[in-house]
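What follows is a single structure, written as C-alpha coordinates, with notes after it.
We name chains A, B, ... by the order of the sequence lines, and we start the count at 1 in each one.
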Amino acid sequence: MKLPDETQTCQNWNVLSLANLAGTGNQKKGNELRKRTFSISRAKDMPGGSPRRRSAYDPAMLSSSSSFARQLLRWYDRSRRDLPWRIDPAVGGEPNPYHVLVSETMLQQTQVATVIPYFQRFLARFPTVADLAAADEQEVLRHWQGLGYYSRARNLRAAARMIVHEFGGHMPTEPEELLQLPGVGRYTAGAVASIAFGRRAPILDGNVQRVLCRLDAIASDPRDRQTQQRLWQRAEEILPRRRVGDFNSALMELGALVCTPRNPQCLLCPVRDHCEAFASGLQEKIPAPKAAKPTPLVRRQTYCVRRADGQWLLEQRPSTGRWAGMWQFVTIAAEDPLDASAARAPAQSAAPLPIRVRRIHPMGIVTHSLTHRRYEFQVFRCEAAATGILADNCPRRWTTLERLDDFPLPKPHLRIAQMLRDQPE
DNA sequence: AAGTCGGGGGG
DNA sequence: CCCCCAGACTT
(Lines give C-alpha, C1' and ligand atoms only; values in the text may rest on other atoms or scores of the structure.)
Protein backbone atom coordinates (compact mmCIF):
# COMPACT_ATOMS: atom_id res chain seq x y z
CA MET A 1 0.00 0.00 0.00
CA LYS A 2 1.22 3.44 -0.84
CA LEU A 3 0.84 6.30 1.51
CA PRO A 4 0.05 9.84 0.48
CA ASP A 5 3.12 12.02 0.54
CA GLU A 6 1.73 14.01 3.38
CA THR A 7 2.03 11.08 5.71
CA GLN A 8 5.29 9.74 4.44
CA THR A 9 7.28 12.54 5.93
CA CYS A 10 5.37 13.40 8.96
CA GLN A 11 5.91 16.78 10.46
CA ASN A 12 6.23 16.85 14.22
CA TRP A 13 3.10 15.08 15.15
CA ASN A 14 4.16 15.02 18.72
CA VAL A 15 2.53 11.68 19.07
CA LEU A 16 3.67 9.25 21.64
CA SER A 17 5.83 6.69 19.99
CA LEU A 18 6.04 3.29 21.54
CA ALA A 19 8.54 2.07 19.03
CA ASN A 20 11.37 1.96 21.51
CA LEU A 21 9.36 -0.45 23.59
CA ALA A 22 9.29 -3.11 20.97
CA GLY A 23 10.70 -6.32 22.29
CA THR A 24 12.72 -4.85 25.11
CA GLY A 25 11.77 -7.93 27.03
CA ASN A 26 10.42 -5.83 29.84
CA GLN A 27 7.25 -3.98 29.10
CA LYS A 28 7.44 -2.16 32.39
CA LYS A 29 10.21 -0.08 30.95
CA GLY A 30 7.26 1.88 29.65
CA ASN A 31 7.74 4.07 32.67
CA GLU A 32 10.73 5.54 30.96
CA LEU A 33 8.77 6.71 27.98
CA ARG A 34 8.63 10.37 27.25
CA LYS A 35 6.73 12.26 24.68
CA ARG A 36 8.96 13.08 21.81
CA THR A 37 8.82 14.23 18.28
CA PHE A 38 8.24 11.40 15.94
CA SER A 39 9.33 11.16 12.40
CA ILE A 40 8.46 8.49 9.97
CA SER A 41 10.85 7.13 7.44
CA ARG A 42 9.92 5.96 4.04
CA ALA A 43 9.22 2.31 3.62
CA LYS A 44 12.35 1.71 1.64
CA ASP A 45 14.38 2.86 4.60
CA MET A 46 12.69 0.48 6.95
CA PRO A 47 14.74 -2.38 8.24
CA GLY A 48 14.08 -5.80 6.79
CA GLY A 49 12.19 -4.64 3.80
CA SER A 50 12.90 -4.33 0.16
CA PRO A 51 12.10 -1.15 -1.68
CA ARG A 52 8.43 -0.98 -2.32
CA ARG A 53 7.16 -1.86 -5.71
CA ARG A 54 4.63 0.28 -7.41
CA SER A 55 1.42 -1.49 -8.01
CA ALA A 56 -0.85 -0.85 -10.91
CA TYR A 57 -3.53 0.20 -8.49
CA ASP A 58 -1.90 2.77 -6.37
CA PRO A 59 -1.42 6.28 -7.69
CA ALA A 60 -4.56 8.26 -8.16
CA MET A 61 -6.39 6.42 -5.45
CA LEU A 62 -4.18 7.80 -2.76
CA SER A 63 -3.67 11.29 -3.97
CA SER A 64 -6.01 12.46 -1.28
CA SER A 65 -4.62 12.26 2.18
CA SER A 66 -6.80 9.64 3.79
CA SER A 67 -8.50 7.75 1.03
CA PHE A 68 -7.56 4.52 2.72
CA ALA A 69 -8.97 5.53 6.09
CA ARG A 70 -12.13 6.95 4.60
CA GLN A 71 -12.83 3.84 2.58
CA LEU A 72 -12.11 1.59 5.52
CA LEU A 73 -14.25 3.62 7.91
CA ARG A 74 -17.11 3.78 5.45
CA TRP A 75 -17.03 0.01 5.20
CA TYR A 76 -16.80 -0.28 8.97
CA ASP A 77 -19.82 1.93 9.50
CA ARG A 78 -21.78 -0.31 7.19
CA SER A 79 -20.45 -3.75 8.13
CA ARG A 80 -19.27 -3.74 11.69
CA ARG A 81 -20.56 -6.38 14.02
CA ASP A 82 -22.76 -5.42 16.92
CA LEU A 83 -20.54 -6.54 19.78
CA PRO A 84 -21.48 -6.11 23.43
CA TRP A 85 -18.45 -3.97 24.25
CA ARG A 86 -19.18 -1.62 21.39
CA ILE A 87 -21.37 1.41 21.69
CA ASP A 88 -24.48 1.25 19.57
CA PRO A 89 -23.71 3.71 16.76
CA ALA A 90 -27.36 4.69 16.70
CA VAL A 91 -27.11 5.75 20.30
CA GLY A 92 -23.64 7.19 20.08
CA GLY A 93 -21.51 8.20 23.02
CA GLU A 94 -18.22 6.86 24.23
CA PRO A 95 -17.40 3.26 24.99
CA ASN A 96 -17.05 2.36 28.64
CA PRO A 97 -13.27 2.19 29.24
CA TYR A 98 -13.62 -0.62 31.76
CA HIS A 99 -15.65 -2.64 29.27
CA VAL A 100 -12.98 -2.03 26.68
CA LEU A 101 -10.25 -3.23 29.01
CA VAL A 102 -12.18 -6.38 29.92
CA SER A 103 -13.00 -7.18 26.33
CA GLU A 104 -9.50 -6.54 25.05
CA THR A 105 -8.06 -8.77 27.75
CA MET A 106 -10.51 -11.58 26.98
CA LEU A 107 -9.86 -11.20 23.27
CA GLN A 108 -6.13 -11.83 23.59
CA GLN A 109 -5.49 -14.92 21.48
CA THR A 110 -9.20 -15.64 21.58
CA GLN A 111 -11.84 -15.27 18.92
CA VAL A 112 -14.77 -12.90 19.26
CA ALA A 113 -17.41 -15.62 19.17
CA THR A 114 -15.76 -17.39 22.08
CA VAL A 115 -15.49 -14.26 24.19
CA ILE A 116 -19.03 -12.89 23.95
CA PRO A 117 -20.76 -15.11 26.53
CA TYR A 118 -17.84 -14.81 28.92
CA PHE A 119 -17.90 -11.04 28.58
CA GLN A 120 -21.61 -10.90 29.39
CA ARG A 121 -21.31 -13.07 32.47
CA PHE A 122 -18.20 -11.28 33.66
CA LEU A 123 -19.74 -7.83 33.41
CA ALA A 124 -22.93 -9.02 35.08
CA ARG A 125 -20.91 -10.16 38.07
CA PHE A 126 -18.25 -7.39 38.05
CA PRO A 127 -20.09 -4.36 36.65
CA THR A 128 -17.42 -1.80 37.56
CA VAL A 129 -13.68 -1.71 38.01
CA ALA A 130 -14.27 -1.30 41.74
CA ASP A 131 -16.34 -4.48 41.83
CA LEU A 132 -13.56 -6.38 40.14
CA ALA A 133 -10.91 -4.89 42.41
CA ALA A 134 -12.86 -6.01 45.46
CA ALA A 135 -13.52 -9.50 44.16
CA ASP A 136 -11.93 -12.69 45.38
CA GLU A 137 -9.39 -14.10 42.96
CA GLN A 138 -11.00 -17.53 43.00
CA GLU A 139 -14.32 -16.02 41.97
CA VAL A 140 -12.66 -14.13 39.13
CA LEU A 141 -11.08 -17.39 38.01
CA ARG A 142 -14.47 -19.09 38.16
CA HIS A 143 -15.85 -16.53 35.73
CA TRP A 144 -12.84 -17.11 33.47
CA GLN A 145 -13.19 -20.90 33.70
CA GLY A 146 -13.05 -22.43 30.24
CA LEU A 147 -11.67 -19.36 28.52
CA GLY A 148 -8.03 -20.30 28.99
CA TYR A 149 -4.86 -18.31 29.61
CA TYR A 150 -5.88 -17.81 33.21
CA SER A 151 -3.06 -15.43 34.02
CA ARG A 152 -5.15 -12.94 32.06
CA ALA A 153 -7.84 -13.18 34.73
CA ARG A 154 -5.46 -12.73 37.61
CA ASN A 155 -3.69 -9.88 35.86
CA LEU A 156 -6.98 -8.20 35.06
CA ARG A 157 -8.01 -8.33 38.69
CA ALA A 158 -4.60 -6.96 39.69
CA ALA A 159 -5.00 -4.22 37.10
CA ALA A 160 -8.39 -3.30 38.55
CA ARG A 161 -6.83 -3.05 41.98
CA MET A 162 -4.08 -0.84 40.62
CA ILE A 163 -6.64 1.40 38.93
CA VAL A 164 -8.56 1.74 42.17
CA HIS A 165 -5.59 2.21 44.45
CA GLU A 166 -3.11 4.08 42.29
CA PHE A 167 -5.18 5.82 39.64
CA GLY A 168 -7.95 7.06 41.90
CA GLY A 169 -10.49 4.66 40.47
CA HIS A 170 -10.25 6.09 36.98
CA MET A 171 -8.93 4.19 34.02
CA PRO A 172 -5.68 5.71 32.80
CA THR A 173 -6.04 7.30 29.38
CA GLU A 174 -2.49 7.35 28.03
CA PRO A 175 -0.68 4.37 26.51
CA GLU A 176 2.33 4.66 28.78
CA GLU A 177 0.08 4.65 31.83
CA LEU A 178 -1.90 1.71 30.57
CA LEU A 179 1.33 -0.19 30.00
CA GLN A 180 1.94 -0.12 33.73
CA LEU A 181 -1.12 -2.30 34.30
CA PRO A 182 -0.37 -6.00 34.66
CA GLY A 183 -1.42 -7.97 31.61
CA VAL A 184 -1.49 -4.86 29.42
CA GLY A 185 1.10 -4.91 26.67
CA ARG A 186 1.65 -2.68 23.72
CA TYR A 187 -1.37 -3.95 21.81
CA THR A 188 -3.86 -3.66 24.68
CA ALA A 189 -2.54 -0.26 25.74
CA GLY A 190 -3.01 1.05 22.22
CA ALA A 191 -6.43 -0.54 21.89
CA VAL A 192 -7.78 0.91 25.13
CA ALA A 193 -6.21 4.31 24.55
CA SER A 194 -7.58 4.60 21.03
CA ILE A 195 -10.95 2.89 21.39
CA ALA A 196 -11.93 4.15 24.81
CA PHE A 197 -10.21 7.54 24.82
CA GLY A 198 -9.60 8.45 21.19
CA ARG A 199 -5.84 8.66 21.70
CA ARG A 200 -3.84 8.48 18.53
CA ALA A 201 -2.15 5.20 19.38
CA PRO A 202 -1.48 2.35 16.94
CA ILE A 203 -2.38 -1.27 17.45
CA LEU A 204 -0.94 -4.44 15.99
CA ASP A 205 -2.65 -7.74 16.58
CA GLY A 206 -2.83 -10.91 14.53
CA ASN A 207 -5.50 -9.46 12.27
CA VAL A 208 -3.70 -6.19 11.65
CA GLN A 209 -0.43 -8.00 11.02
CA ARG A 210 -2.06 -10.00 8.28
CA VAL A 211 -3.84 -6.99 6.79
CA LEU A 212 -0.72 -4.85 6.73
CA CYS A 213 1.47 -7.64 5.39
CA ARG A 214 -0.93 -8.04 2.49
CA LEU A 215 -1.37 -4.34 1.87
CA ASP A 216 2.39 -3.92 1.59
CA ALA A 217 3.05 -7.38 0.16
CA ILE A 218 5.43 -8.15 2.99
CA ALA A 219 6.44 -11.73 2.54
CA SER A 220 8.75 -12.09 5.52
CA ASP A 221 7.59 -13.80 8.67
CA PRO A 222 5.38 -11.30 10.55
CA ARG A 223 6.63 -12.75 13.83
CA ASP A 224 10.27 -11.89 13.42
CA ARG A 225 11.54 -8.82 15.12
CA GLN A 226 12.38 -6.68 12.14
CA THR A 227 9.05 -7.31 10.50
CA GLN A 228 7.28 -6.54 13.76
CA GLN A 229 9.06 -3.23 13.99
CA ARG A 230 8.15 -2.41 10.45
CA LEU A 231 4.51 -3.34 10.98
CA TRP A 232 4.20 -1.26 14.13
CA GLN A 233 5.56 1.67 12.21
CA ARG A 234 3.06 1.13 9.44
CA ALA A 235 0.23 0.77 11.96
CA GLU A 236 1.18 4.21 13.24
CA GLU A 237 1.68 5.82 9.84
CA ILE A 238 -1.75 4.94 8.58
CA LEU A 239 -3.65 6.31 11.58
CA PRO A 240 -6.12 8.98 10.55
CA ARG A 241 -6.49 12.19 12.50
CA ARG A 242 -10.00 11.48 13.64
CA ARG A 243 -11.92 8.36 14.64
CA VAL A 244 -8.73 6.54 15.57
CA GLY A 245 -10.54 4.00 17.73
CA ASP A 246 -12.98 3.15 14.98
CA PHE A 247 -10.12 2.99 12.51
CA ASN A 248 -8.18 0.54 14.66
CA SER A 249 -11.30 -1.51 15.23
CA ALA A 250 -12.00 -1.44 11.52
CA LEU A 251 -8.55 -2.82 10.69
CA MET A 252 -9.20 -5.76 12.99
CA GLU A 253 -12.73 -6.17 11.76
CA LEU A 254 -11.44 -6.31 8.21
CA GLY A 255 -8.96 -9.00 9.17
CA ALA A 256 -11.64 -11.00 10.93
CA LEU A 257 -14.35 -10.74 8.27
CA VAL A 258 -12.71 -10.12 4.90
CA CYS A 259 -8.92 -10.35 4.98
CA THR A 260 -9.03 -13.79 6.58
CA PRO A 261 -6.07 -16.15 6.94
CA ARG A 262 -7.38 -18.42 4.20
CA ASN A 263 -9.68 -17.61 1.32
CA PRO A 264 -9.59 -13.85 1.80
CA GLN A 265 -12.64 -12.19 0.25
CA CYS A 266 -10.71 -9.70 -1.82
CA LEU A 267 -13.61 -8.94 -4.09
CA LEU A 268 -15.53 -7.69 -1.07
CA CYS A 269 -12.62 -5.75 0.34
CA PRO A 270 -13.19 -2.00 0.70
CA VAL A 271 -9.47 -1.24 0.35
CA ARG A 272 -8.36 -3.76 -2.24
CA ASP A 273 -7.27 -0.91 -4.47
CA HIS A 274 -4.57 -0.21 -1.89
CA CYS A 275 -3.47 -3.81 -1.60
CA GLU A 276 -0.22 -4.84 -3.22
CA ALA A 277 -0.79 -8.50 -2.44
CA PHE A 278 -4.09 -8.43 -4.31
CA ALA A 279 -2.50 -6.53 -7.16
CA SER A 280 0.07 -9.28 -7.59
CA GLY A 281 -2.16 -12.19 -6.68
CA LEU A 282 -0.15 -13.03 -3.58
CA GLN A 283 -2.93 -12.73 -1.02
CA GLU A 284 -3.11 -16.48 -0.46
CA LYS A 285 0.62 -16.73 0.16
CA ILE A 286 0.93 -13.86 2.61
CA PRO A 287 1.65 -14.19 5.42
CA ALA A 288 3.64 -17.40 5.31
CA PRO A 289 2.25 -20.08 7.64
CA LYS A 290 4.12 -20.80 10.80
CA ALA A 291 6.23 -23.94 10.92
CA ALA A 292 4.45 -26.55 12.98
CA LYS A 293 6.23 -28.18 15.86
CA PRO A 294 5.51 -31.60 17.30
CA THR A 295 3.33 -31.58 20.39
CA PRO A 296 4.42 -34.14 23.00
CA LEU A 297 1.84 -36.36 24.65
CA VAL A 298 1.49 -35.99 28.42
CA ARG A 299 -0.09 -38.88 30.30
CA ARG A 300 -1.91 -38.43 33.57
CA GLN A 301 -3.99 -40.61 35.85
CA THR A 302 -6.92 -38.89 37.51
CA TYR A 303 -8.67 -40.40 40.50
CA CYS A 304 -12.16 -39.27 41.40
CA VAL A 305 -12.19 -40.17 45.08
CA ARG A 306 -15.57 -40.39 46.77
CA ARG A 307 -16.07 -40.31 50.49
CA ALA A 308 -18.74 -42.27 52.37
CA ASP A 309 -20.97 -39.17 52.51
CA GLY A 310 -20.83 -38.90 48.73
CA GLN A 311 -18.45 -35.93 48.48
CA TRP A 312 -15.54 -35.88 46.06
CA LEU A 313 -11.94 -34.91 46.66
CA LEU A 314 -10.41 -31.90 44.88
CA GLU A 315 -6.86 -30.63 45.04
CA GLN A 316 -5.60 -27.16 44.18
CA ARG A 317 -2.90 -26.68 41.61
CA PRO A 318 0.20 -24.63 42.43
CA SER A 319 0.08 -20.87 42.11
CA THR A 320 2.35 -20.90 39.06
CA GLY A 321 2.34 -22.73 35.77
CA ARG A 322 -0.53 -24.17 33.82
CA TRP A 323 -4.00 -23.78 35.35
CA ALA A 324 -2.38 -21.97 38.26
CA GLY A 325 -4.49 -21.87 41.39
CA MET A 326 -7.31 -23.89 39.85
CA TRP A 327 -8.76 -27.12 41.23
CA GLN A 328 -8.84 -30.65 39.89
CA PHE A 329 -9.60 -34.22 40.78
CA VAL A 330 -6.55 -35.97 42.21
CA THR A 331 -4.11 -36.30 39.35
CA ILE A 332 -0.74 -37.97 39.19
CA ALA A 333 1.79 -38.57 36.47
CA ALA A 334 1.42 -41.78 34.50
CA GLU A 335 4.76 -42.35 32.90
CA ASP A 336 4.09 -45.73 31.39
CA PRO A 337 2.10 -46.21 28.24
CA LEU A 338 -1.50 -46.95 28.82
CA ASP A 339 -2.28 -50.67 28.83
CA ALA A 340 -4.43 -53.21 30.56
CA SER A 341 -2.14 -53.48 33.54
CA ALA A 342 -2.73 -49.85 34.32
CA ALA A 343 -6.38 -50.54 34.92
CA ARG A 344 -5.61 -53.45 37.23
CA ALA A 345 -2.90 -51.74 39.25
CA PRO A 346 -3.25 -48.08 38.36
CA ALA A 347 -0.93 -46.36 40.77
CA GLN A 348 1.84 -48.91 40.88
CA SER A 349 4.22 -47.48 38.34
CA ALA A 350 3.41 -43.84 38.97
CA ALA A 351 3.63 -41.38 41.80
CA PRO A 352 1.77 -42.55 44.89
CA LEU A 353 -1.72 -41.34 45.50
CA PRO A 354 -2.00 -38.85 48.35
CA ILE A 355 -4.88 -40.84 49.85
CA ARG A 356 -5.63 -44.48 50.50
CA VAL A 357 -8.36 -45.70 48.21
CA ARG A 358 -10.17 -48.93 47.33
CA ARG A 359 -12.46 -50.29 44.65
CA ILE A 360 -10.67 -48.51 41.85
CA HIS A 361 -12.85 -48.50 38.76
CA PRO A 362 -11.74 -47.23 35.34
CA MET A 363 -14.10 -44.71 33.79
CA GLY A 364 -12.46 -43.84 30.50
CA ILE A 365 -9.99 -41.57 28.78
CA VAL A 366 -10.20 -37.81 28.49
CA THR A 367 -7.96 -36.16 25.91
CA HIS A 368 -7.17 -32.48 25.84
CA SER A 369 -5.07 -30.61 23.31
CA LEU A 370 -3.15 -27.43 23.99
CA THR A 371 -0.88 -25.43 21.81
CA HIS A 372 2.30 -27.19 22.90
CA ARG A 373 1.04 -30.40 24.47
CA ARG A 374 -1.55 -33.08 24.19
CA TYR A 375 -2.91 -34.49 27.41
CA GLU A 376 -4.34 -37.91 28.04
CA PHE A 377 -6.13 -38.35 31.37
CA GLN A 378 -6.89 -41.92 32.35
CA VAL A 379 -9.82 -41.45 34.70
CA PHE A 380 -10.72 -43.71 37.64
CA ARG A 381 -13.45 -43.62 40.20
CA CYS A 382 -12.69 -44.99 43.65
CA GLU A 383 -13.63 -44.83 47.31
CA ALA A 384 -11.65 -43.25 50.09
CA ALA A 385 -10.38 -45.73 52.63
CA ALA A 386 -11.09 -45.10 56.26
CA THR A 387 -7.60 -43.94 57.06
CA GLY A 388 -8.19 -40.81 55.05
CA ILE A 389 -5.87 -38.31 53.44
CA LEU A 390 -2.14 -38.69 53.75
CA ALA A 391 -0.33 -35.60 54.90
CA ASP A 392 1.32 -33.18 52.53
CA ASN A 393 1.10 -29.50 51.73
CA CYS A 394 -1.28 -29.50 48.80
CA PRO A 395 -4.62 -27.81 49.58
CA ARG A 396 -7.54 -30.21 49.26
CA ARG A 397 -11.30 -30.02 49.70
CA TRP A 398 -14.23 -32.36 49.70
CA THR A 399 -17.23 -31.23 47.72
CA THR A 400 -20.43 -32.44 46.16
CA LEU A 401 -21.01 -32.41 42.44
CA GLU A 402 -23.58 -29.69 43.01
CA ARG A 403 -21.04 -27.44 44.70
CA LEU A 404 -18.38 -28.05 42.09
CA ASP A 405 -19.33 -24.73 40.51
CA ASP A 406 -17.69 -23.02 43.47
CA PHE A 407 -14.28 -24.11 42.21
CA PRO A 408 -12.50 -23.00 39.04
CA LEU A 409 -11.68 -26.17 37.13
CA PRO A 410 -9.61 -26.67 33.97
CA LYS A 411 -11.58 -27.77 30.94
CA PRO A 412 -10.55 -31.45 31.03
CA HIS A 413 -11.67 -31.69 34.65
CA LEU A 414 -14.99 -30.09 33.77
CA ARG A 415 -15.40 -32.96 31.35
CA ILE A 416 -14.41 -35.45 34.02
CA ALA A 417 -17.05 -33.98 36.33
CA GLN A 418 -19.59 -34.50 33.58
CA MET A 419 -18.49 -38.14 33.35
CA LEU A 420 -19.28 -38.53 37.06
CA ARG A 421 -22.77 -37.13 36.51
CA ASP A 422 -23.31 -39.33 33.48
CA GLN A 423 -21.99 -42.51 35.11
CA PRO A 424 -23.46 -42.73 38.59
CA GLU A 425 -21.96 -45.93 40.00
C1' DA B 1 14.73 -15.03 20.46
C1' DA B 2 12.43 -18.76 22.12
C1' DG B 3 9.02 -20.91 25.48
C1' DT B 4 5.01 -20.81 28.09
C1' DC B 5 0.30 -20.20 28.75
C1' DG B 6 -5.87 -22.79 27.06
C1' DG B 7 -9.22 -23.56 24.40
C1' DG B 8 -11.90 -23.40 20.39
C1' DG B 9 -13.15 -21.86 15.47
C1' DG B 10 -13.05 -23.24 10.97
C1' DG B 11 -10.88 -25.09 6.96
C1' DC C 1 -5.60 -33.12 11.05
C1' DC C 2 -4.10 -28.38 10.56
C1' DC C 3 -3.26 -23.14 11.55
C1' DC C 4 -4.96 -19.33 13.78
C1' DC C 5 -7.16 -16.28 17.11
C1' DA C 6 -8.31 -8.12 19.11
C1' DG C 7 -0.92 -11.16 23.27
C1' DA C 8 1.69 -10.89 27.61
C1' DC C 9 5.26 -12.47 30.16
C1' DT C 10 9.43 -15.16 31.45
C1' DT C 11 13.93 -16.86 30.65
When we call it a touch if two heavy atoms are under 4.0 Å apart, what does [X] touch: a base, just sugar-phosphate, or nothing?
X        : value
A:Arg154 : nothing
A:Gly255 : nothing
A:Trp85  : base
A:Thr188 : sugar-phosphate
A:Arg81  : base
A:Leu83  : base
A:Ala292 : sugar-phosphate

Given [N], is OP1 or OP2 found less than 4.0 Å from the side-chain N or O atoms of [X]?
X        : N     : value
A:Lys290 : C:dC2 : no
A:His368 : B:dG7 : yes
A:Trp323 : B:dG7 : yes
A:Gln109 : C:dG7 : yes
A:Tyr150 : B:dG7 : yes
A:Arg223 : B:dA2 : no

Base B:dG6 paired with A:Thr110 side chain (donor-acceptor, <3.5 Å): yes

Donor/acceptor link under 3.5 angstrom from A:Thr371 side chain onto base of B:dG6: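 Per atom types, the contact qualifies.
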
Euclidean distance for [atom1], [N] against [M] (whole angstrom):
N     : M     : atom1 : answer
B:dG3 : C:dA6 : P     : 24 Å
B:dG9 : C:dA8 : C1'   : 22 Å
C:dC9 : B:dG8 : C1'   : 23 Å

What do you reckon, are the aromatic ring centroids of [X] and [Y] less than 6.0 Å apart?
X        : Y        : result
A:Trp144 : A:Tyr149 : no
A:Trp75  : A:Phe247 : no
A:Phe122 : A:Tyr118 : no
A:His368 : A:Phe377 : no

What nucleotide among [options] has an atom nearest to a side-chain atom of [X]?
X        : options              : result
A:Lys411 : B:dG3, B:dG10, B:dG8 : B:dG8
A:Pro289 : B:dG8, C:dG7, C:dC3  : C:dC3
A:Gln108 : C:dA6, B:dG6, C:dA8  : C:dA8

Earlier contact from the 5' end, DNA chain B, for A:Pro412 and A:Arg373: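 Counting from the 5' end, the first nearest nucleotide belongs to A:Arg373.
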
Residue closer to the 5' end of DNA chain B, A:Ala113 versus A:Leu147 (nearest nucleotide): A:Leu147

A:Asp406 and A:Arg142: CA distance, side-chain angles, deciding distance, salt bridge (charged side-chain N to carboxylate O under 4.0 Å, His left out) verdict: CA-CA 7 Å; A:Asp406 295 343; A:Arg142 275 206 309 108; 5.2 Å; no

Salt-bridge criterion met for A:Glu104 and A:Arg152 (N-O under 4.0 Å): no

Base-pair map of DNA chain B as dot-bracket, where | denotes pairing with a different strand and pairs are Watson-Crick or G-U under 3.5 Å: |||||.|||||

Heavy-atom closest contact (A:Gln120 atom, A:Pro84 atom, distance): NE2-CB, 3.8 Å

Residues that A:Arg381 engages under salt bridge (charged side-chain N to carboxylate O under 4.0 Å, His left out), provided they are two or more places apart: none

Nearest-nucleotide 5' precedence on DNA chain C, A:Ser103 against A:Asn155: A:Ser103

Lys/Arg cation over aromatic A:Trp312: A:Arg307, 6.0 Å, 45° cone: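 Not satisfied by the 6.0 Å and 45° rule.
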
